[in-house]
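Notes follow the structure.
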Amino acid sequence: MSATYKTSESKREEFRKYLEKEGVLDNLTKILVCLYEEPEKPVNALDFLKQHLHGGPPESNDVETLRLELQELRTKHETVLTENEALKLKLQEYEAPAEEKEAES
């Protein structure tokens, strides 16, 4: 029984050292301190933690997806602007004869 206990303790200690080495413990501590010092506690503390944990740069896949979406939207925007100008010209063609008829009356 004591051998199992020591193995468990050594695994726990290894894991703690790993978390400390990777900066996880420091970051969690900082976030928890921020939550503690928050004058108005958030309704959902877990959401607060999640929001503050992901404070790093966005994933490269997310950035690439957003770039592609932005390019598509710019293209669509240009198409809509071009179509809008064409429709304005067409409208002017129809309005001009109507104005002439009114002037003749």
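Between the NE2 atom in His77 and the OG1 atom in Thr82 there is a gap of 10.0 Å [rounded to 0.5 Å]. Between Glu22 atom CD and Lys17 atom NZ the span is 14.5 Å, to the nearest 0.5 Å. The line from CD of Glu13 to CD of Glu20 is 8.5 Å long, rounded to the nearest 0.5 Å. Interatomic distance, Leu53 CG to Ile31 CD1, rounded to the nearest 0.5 Å: 4.0 Å. To the nearest 0.5 Å, the span separating CG on Asn84 from CG on Leu89 amounts to 10.0 Å. Taken from OG1 in Thr75 to CD in Glu78, the straight-line distance is 8.0 Å, to the nearest 0.5 Å.
The cluster map of Ile, Leu, Val, Met, Phe, Trp and Tyr, joined by side-chain heavy atoms under 4.5 Å apart, puts Phe15 and Val24 in the same cluster.
A 6.0 Å sphere centred on CD of Glu64 holds more than 12 heavy atoms belonging to other residues, nucleotides or ligands.
Look at Lys88 and Glu85 and you find a salt bridge, because one of the NZ, NE, NH1 or NH2 atoms lies within 4.0 Å of a carboxylate O, short of that distance. Between Lys41 and Glu38 there is no salt bridge, since none of the side-chain N atoms of the basic residue sits less than 4.0 Å from a carboxylate O of the acidic one.
Considering only heavy atoms from C-beta on, Leu28 stays 4.5 Å or farther from Leu19 through its side chain.
Although no hydrogens or angles enter the test, the distance criterion places a donor-acceptor pair under 3.5 Å between the side chain of Asn27 and the main chain of Gly23. Side-chain atoms of His52 come within 3.5 Å of backbone atoms of Phe48 as a donor-acceptor pair (strictly under, hydrogens ignored).
Across every non-hydrogen atom of Arg16 and Leu25, the tightest pair is O-CD1, 4.0 Å.
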